[in-house]
S.K.: 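Starting off with a structure, shown below.
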There are 4 protein chains.
Amino acid sequence: MSDDAGIGHNSALGGIAGDRLRSFIERIERLEEEKAALLADIKEVYAEAKGTGFDVKILRMVVRRRKMDAAERDELDDLLDVYERACNALLA
Amino acid sequence: MSDDAGIGHNSALGGIAGDRLRSFIERIERLEEEKAALLADIKEVYAEAKGTGFDVKILRMVVRRRKMDAAERDELDDLLDVYERACNALLA
Amino acid sequence: MSDDAGIGHNSALGGIAGDRLRSFIERIERLEEEKAALLADIKEVYAEAKGTGFDVKILRMVVRRRKMDAAERDELDDLLDVYERACNALLA
Amino acid sequence: MSDDAGIGHNSALGGIAGDRLRSFIERIERLEEEKAALLADIKEVYAEAKGTGFDVKILRMVVRRRKMDAAERDELDDLLDVYERACNALLA
DNA sequence: AACGTTGAAATAGTTC
DNA sequence: GAACTATTTCAACGTT
């Protein structure tokens, strides 16, 4: 009773199979650890690139844009252009 | 650039209502200015506190912690809710 | 009473002026509330713009880019271009 | 600094070493692929748990809460440290 | 004054 | 499509 999630009975709360629950939680936490490791690796690569003289912000932009296909990329650029023009139009 | 022939006065550039767009942009920019001012104020208070001898890092921790405590309380309510609803959904 | 006399007691732990501390904290929290209100306002404007048919993502880009001066903006665009070219260069 | 990204072999475009750049980009993209795979795995586990009758929202809460608890512990250590150091800095 | 660290804010994706 | 959560990006801060 001491260390469950704050609700009364432990191993079978409304039919919860505690061991099964725990198993899922652990699997998830294991995967999240791996994910954290990968994030650290990625960070490291960016850091190394920066150390070589590259601009990290731009690198991120490049990576992000490469995820899109050409059509998307073009559409984005177009839209931005249209908006900026529209925004400046009345000044004249 | 290319097809500005018929536009003349204002509103429609590439199908976008430029005046409306600009209105939104300006409202946002106005609010962001206010926000920037507030951020500056906050910074100033921290600086003053520091000048009085307080450790800014601690101050930030305290503020953050108080915010978190409030959030925690809210989340607890959520938890109760969600547990209750879940009890029905759970398998035997 | 002197500074280091009563460590372990409350209102002057190691010389901390509790009331002064509290005052700073409250000022900060007050400002943070205002900030939160502004953030909500900004969000609302974006929502309204979206309801009128504008693309929020692009709107944010426009706002962000307007914060920079023309020179910065150009440099950014240039850099991105250079990187993307460099990245594709070896394919030939 | 003065040493830029190793021009001299082949693909210097605008002063950027394209091959080196591409190497970084590819390393990052490789890692991001792995990350995406992990995300998919995690999603799958949640889906499986859901299929077994668990409420995904709760599961996420539990996982998050456990992560926060760990973070809390770390922060407490920090706090102690920082308070100790601050005691010296504080005014009378 | 560059660097990494950390916290806040924006964005994207998911679920209902 | 609206709300919520997770992820990513951005900016501040102390450190060296």
Side-chain angles (χ1 to χ4, degrees), chain A residues 28 31-32 35-36 38-40 42-44 46-51 53 55-65 67-68 72 76, chain B residues 28 31-32 35-36 38-40 42-44 46-47 49-50 55-65 67-68 71 74-75 78 81-82 85-86 89, chain C residues 28 31-32 35-36 38-40 42-48 50-51 53 55-65 67-68 76, chain D residues 1-2 28 31-32 35-36 38-40 42-44 46-47 50 55-65 67-68 71 74-75 78 81-82 85-86 89:
Chain A
I28 290 166
L31 291 167
E32 298 242 335
K35 193 181 69 175
L38 270 176
L39 289 181
I42 292 173
K43 207 170 177 179
E44 207 181 310
Y46 277 116
E48 188 188 338
K50 179 178 187 173
D55 181 313
V56 172
K57 184 177 177 179
I58 307 287
L59 279 180
R60 288 187 187 277
M61 287 179 76
V62 172
V63 170
R64 197 173 347 122
R65 287 169 64 88
K67 274 189 196 163
M68 322 182 201
E72 279 178 283
L76 188 79
Chain B
I28 291 166
L31 291 167
E32 298 242 335
K35 190 182 71 173
L38 270 176
L39 290 179
I42 292 173
K43 211 171 175 177
E44 206 181 312
Y46 277 116
K50 181 177 187 175
D55 182 307
V56 173
K57 188 174 180 181
I58 293 183
L59 282 179
R60 287 188 186 276
M61 273 181 155
V62 172
V63 171
R64 178 157 45 92
R65 190 163 283 267
K67 214 187 291 184
M68 277 175 47
D74 293 348
E75 200 195 349
D78 261 31
D81 251 39
V82 101
R85 283 188 289 101
Chain C
I28 290 166
L31 291 167
E32 298 243 336
K35 191 181 72 175
L38 271 176
L39 289 180
I42 292 173
K43 211 169 175 178
E44 207 181 311
V45 177
Y46 277 115
E48 189 187 338
K50 180 179 185 172
D55 182 314
V56 172
K57 183 178 176 179
I58 308 288
L59 279 180
R60 286 188 187 275
M61 287 180 77
V62 173
V63 170
R64 201 172 343 123
R65 287 169 63 88
K67 273 188 197 165
M68 324 181 200
L76 188 79
Chain D
M1 308 300 200
S2 53
I28 290 166
L31 292 168
E32 298 240 336
K35 192 182 68 175
L38 271 176
L39 289 179
I42 292 173
K43 209 171 175 176
E44 207 181 312
Y46 277 116
K50 181 178 187 174
D55 182 306
V56 172
K57 189 173 180 181
I58 294 182
L59 282 178
R60 287 188 187 276
M61 272 182 155
V62 173
V63 170
R64 178 156 44 93
R65 190 162 283 267
K67 214 186 292 182
M68 277 175 47
D74 292 348
E75 199 195 348
D78 261 31
D81 253 39
V82 99
R85 282 188 291 101

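Throughout, a chain's letter reflects where its sequence line sits, starting with A, and its residues are numbered from 1.
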S.K.: Mind checking side chain to side chain contact (heavy atoms under 4.5 Å, CB included) for Lys43(C) and listing every partner two or more places apart, or none if nothing turns up?
M.R.: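 Partners of Lys43(C) by the side chain to side chain contact (heavy atoms under 4.5 Å, CB included) criterion come out as none, since no residue qualifies.
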S.K.: Could you tell me which residues satisfy side chain to side chain donor-acceptor pair (under 3.5 Å) with Arg64(B), sequence neighbours excluded, listed by chain and number?
M.R.: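 Listed in chain order: Glu75(D).
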S.K.: In this structure, how many angstroms lie between the P atom of dT5(E) and the CG atom of Asp74(D), rounded?
M.R.: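 Taking atom P of dT5(E) as the reference, CG of Asp74(D) is at 15 Å.
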S.K.: For Asp55(D) and dT15(E), what is the distance between atoms CG and P respectively, to the nearest whole Å?
M.R.: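 Asp55(D) atom CG is separated from dT15(E) atom P by 12 Å.
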S.K.: To the nearest Å, how far apart are Met68(D) CE and dG7(E) C1'?
M.R.: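 Nearest whole value for this atom pair: 15 Å.
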S.K.: Rounded to the nearest Å, what distance is computed from the CD atom of residue Glu44(A) to the P atom of nucleotide dT5(E)?
M.R.: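 The answer, rounded to whole Å, is 11 Å.
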S.K.: Are Ile58(C) and Leu76(A) close enough, and set up right, to give a side chain to side chain contact (heavy atoms under 4.5 Å, CB included), and what steps lead you there?
M.R.: CA-CA 8 Å; Ile58(C) 308 288; Leu76(A) 188 79; 3.9 Å; yes
S.K.: With sequence neighbours left out, write down each residue that passes salt bridge (Lys or Arg N to Asp or Glu O under 4.0 Å) with Glu44(C), or none if nothing qualifies.
M.R.: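 Glu44(C): no salt bridge (Lys or Arg N to Asp or Glu O under 4.0 Å) contacts found.
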S.K.: Mind checking salt bridge (Lys or Arg N to Asp or Glu O under 4.0 Å) for Arg65(C) and listing every partner two or more places apart, or none if nothing turns up?
M.R.: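 Arg65(C) satisfies salt bridge (Lys or Arg N to Asp or Glu O under 4.0 Å) with Glu84(A), Asp77(C) only.
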S.K.: Which residues satisfy the side chain to side chain donor-acceptor pair (under 3.5 Å) test with Glu32(B), sequence neighbours excluded?
M.R.: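 Per chain and number, Glu32(B) pairs via side chain to side chain donor-acceptor pair (under 3.5 Å) with Lys67(C).
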S.K.: Taking atom P of dT5(E) as reference, at what distance in whole Å does atom CE of Met61(B) sit?
M.R.: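 To the nearest whole Å, that distance equals 17 Å.
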S.K.: Can you give one letter per nucleotide of nucleotides 8-15 of chain F, 5' to 3': B if a protein heavy atom sits under 4.0 Å from the base, S if only from the sugar-phosphate, - if neither?
M.R.: SS---SS-
